[in-house]
Amino acid sequence: MQSLRDLGVNISEEQAEKILKRIRRGHIWAPILYMDKNGTMTIDWNEWRDYHLLHPADNIPEIILYWKHSTIFDVGESMIVPDEFTAEEKKTGMWWRHLVAGGGAGAVSRTCTAPLDRLKVLMQVHASKSNSMRIAGGFSQMIREGGVRSLWRGNGINVIKIAPESAIKFMAYEQIKRLIGLNQETLGITERLVAGSLAGAIAQSSIYPMEVLKTRLALRKTGQYSGILNCAKHILQKEGVAAFYKGYVPNMLGIIPYAGIDLAVYETLKNSWLQRYATDSADPGVFVLLACGTTSSTCGQLASYPLALVRTRMQAQATLVGGPQMTMSGLFRHIVRTEGAMGLYRGLAPNFMKVIPSVSISYVVYEYLKIALGVQSK
């Protein structure tokens with residue numbers, strides 16, 4: 001039963017007993033003899049492949065489910081479409097184990113790549129034509145100003161917000177599916193985009209003050225705040241409640257191009273690969289899915305990055321002494337006028353540098369946490 005679970009097939013104890021009885025009676029050799037086309041009494045790869053390709057799979061949803069849950073990665077972005085879970089997973093409680101495993105993997109990967117994330121924020125806010133901050137120079141500046149520990153400023157709140165964001169996004173996603181009459185287990189691309197984007201918007205609206213705190217803590221000078229609560233208190237006293245929602249509009253607008261392009265590119269690449277190269281296999285494999293996911297995420301980030309940069313600048317405006325307090329459209333015009341179109345992509349290099357280590361760490365930690373939590377690889 002465990003071996004079949006590892007292959008993505010669930011059977012009951014009664015079914016397992018029937019299989020064992022068939023083996024004892026010798027009946028199990030019938031399909032093996034059918035596979036063995038050349039009469040050698042051994043099954044090579046081509047015979048195994050042809051047998052399963054030419055015979056309908058017994059449980060297609062379980063095969064899809066295995067690949068779906070094996071390719072959930074966290075790259076420190078907040079606009080990922082929620083995962084889908086089957087009725088069986090919801091009934092048995094496997095869904096929350098998947099979310100806990102994903103949240104733990106996200107916390108570890110974000111902590112490991114936090115220096116690159118902080119460098120991205122500094123470059124988004126402070127880099128300009130006159131102050132061309134480089135990667136090596138940015139790291140040196142952070143260490144000089146606050147020591148090695150300063151590389152992780154803002155990471156605490158970045159990790160804390162994973163749990164409420166994931167929970168709200170998942171619950172909102174389920175409710176939205178019911179409201180729009182899409183209670184089936186598998187959604188089409190358009191339906192998934194609509195439900196996922198709305199769920200992402202609800203989750204982001206709920207935890208957005210934490211996004212502002214993350215930016216402010218990442219930009220703080222040594223000794224400026226004693227911690228997260230002190231930073232929140234300082235912002236509330238000096239700027240009021242509205243400060244916790246600065247940059248909210250560009251953040252919400254960024255969800256749609258990110259989710260839409262990410263999903264569209266992923267499905268297009270996966271289907272193109274299957275049509276062109278899937279001659280020796282019925283499924284693309286985890287590395288092809290990983291490549292498709294990384295490429296689609298990259299395209300989504302490129303499309304939404306200017307909005308993310310403007311959001312960060314708006315969140316940080318009050319920290320720039322004597323700086324103008326601009327609207328979203330005003331900031332766009334100001335950046336293009338003073339820095340050119342490339343100014344909208346400041347900090348893109350460290351943002352992409354963290355993708356490969358973040359995905360790799362997420363994958364390893366996710367797999368280990370699934371085992372620790374007793375999650376079946378379906």
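Basis for what follows: all heavy atoms, side chains included, without hydrogens, waters or symmetry-related copies. In this text, all values refer to a predicted model and were calculated from it rather than measured experimentally.
A distance of 5.5 Å separates CG of Leu344 from CD1 of Ile335, quoted to the nearest 0.5 Å. With rounding to the nearest 0.5 Å, the separation of SG in Cys112 from CG in Asp117 is 12.5 Å. A distance of 5.5 Å separates CD1 of Ile255 from CD of Gln204, quoted to the nearest 0.5 Å. Rounding to the nearest 0.5 Å gives a distance of 9.5 Å between NZ of Lys120 and OG1 of Thr113. Rounding to the nearest 0.5 Å gives a distance of 10.5 Å between CD1 of Ile207 and CG of Leu213. Note that NZ of Lys169 is 14.0 Å distant from CD of Glu174, once rounded to the nearest 0.5 Å.
No more than 12 heavy-atom neighbours from other residues, nucleotides or ligands sit within 6.0 angstrom of CD on Glu14. In Met1, the CE atom is crowded: over 12 heavy atoms of neighbouring residues, nucleotides or ligands sit closer than 6.0 Å. The neighbour count for Glu145 CD, taken as heavy atoms of other residues, nucleotides or ligands under 6.0 Å away, is above 12.
The minimum heavy-atom distance linking Ala107 with Val159 is given by the pair CB-CG1, 3.6 Å. The heavy-atom pair separating Ser362 from Ser109 by the smallest distance is OG-OG, 3.2 Å. Minimum heavy-atom separation, Ser150 to Met142: OG-O, 2.9 Å. Of all the heavy atoms in Ile261 and Ala303, the pair that sits closest is CD1-CB, 3.2 Å. Between Ala172 and Ile202, the closest heavy-atom pair is CB-CD1, 4.1 Å. Taking each heavy atom of Ala316 and Leu219 in turn, the nearest pair found is CB-CD1, 3.3 Å.
A continuous path of ILVMFWY side-chain contacts below 4.5 Å connects Leu236 to Leu217, so both sit in one hydrophobic cluster. Phe139 is connected to Val125 through a chain of hydrophobic side-chain contacts under 4.5 Å among Ile, Leu, Val, Met, Phe, Trp and Tyr, so both are in one cluster. Both Val336 and Leu348 are part of a single hydrophobic cluster, where members link through side-chain heavy atoms under 4.5 Å apart. In the hydrophobic clustering of ILVMFWY residues, with side-chain heavy atoms under 4.5 Å counting as a link, Ile371 and Trp96 come out apart. With hydrophobic clusters built from ILVMFWY side chains whose heavy atoms lie under 4.5 angstrom apart, Phe244 shares a cluster with Ile168.
Using modelled atom types, one side-chain atom of Arg118 and one backbone atom of Ala218 make a donor-acceptor pair closer than 3.5 Å.
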Determine, stepwise, if the pair Met314 / Val249 fulfils side-chain contact (heavy atoms from CB on, under 4.5 Å).
-> CA-CA 10 Å; Met314 291 180 75; Val249 173; over 6 Å; no
How far apart are the C-alpha atoms of Tyr345 and Leu302, what are their side-chain angles, what is the distance that settles it, and do they pass the side-chain contact (heavy atoms from CB on, under 4.5 Å) test?
-> CA-CA 8 Å; Tyr345 288 90; Leu302 283 171; 4.3 Å; yes
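Using modelled atom types, one finds a donor on one side chain and an acceptor on the other under 3.5 Å when comparing Tyr305 with Gln124. For the 3.5 Å distance criterion, the side chains of Thr222 and Arg153 qualify, holding a donor opposite an acceptor. Defined by atom type and a distance below 3.5 Å, a donor-acceptor pair is missing between the side-chain atoms of Glu211 and Asn251.
Annotation: ring-ring contact (aromatic ring centres under 6.0 Å, His included) contacts involving residues 212-240, sequence neighbours excluded, comprise Tyr225-His234.
Residues Gln141 and Leu122 fail the side-chain proximity criterion, which asks for heavy atoms closer than 4.5 Å. Ile162 places a side-chain heavy atom less than 4.5 Å from the side chain of Arg110. Under the 4.5 Å side-chain criterion, counting only non-hydrogen atoms from C-beta, Pro350 is in contact with Met123. Between Met353 and Ile135, the closest side-chain pair of non-hydrogen atoms falls below 4.5 Å. Residues Thr327 and Phe332 form no side-chain contact, since every pair of their non-hydrogen atoms from C-beta on lies 4.5 Å or further apart.
With Gln315 as the fixed residue, the side chain to side chain donor-acceptor pair (under 3.5 Å) test singles out one of Tyr248, Tyr245, Tyr208: Tyr208. Exactly one of Leu119, Leu116, Ile361 qualifies for a side chain to side chain contact (heavy atoms under 4.5 Å, CB included) with Lys354. That residue is Leu116.
A salt bridge is defined here as a Lys NZ or Arg NE, NH1 or NH2 lying under 4.0 Å from an Asp or Glu carboxylate O, and Lys214 with Glu165 fails to meet this definition.
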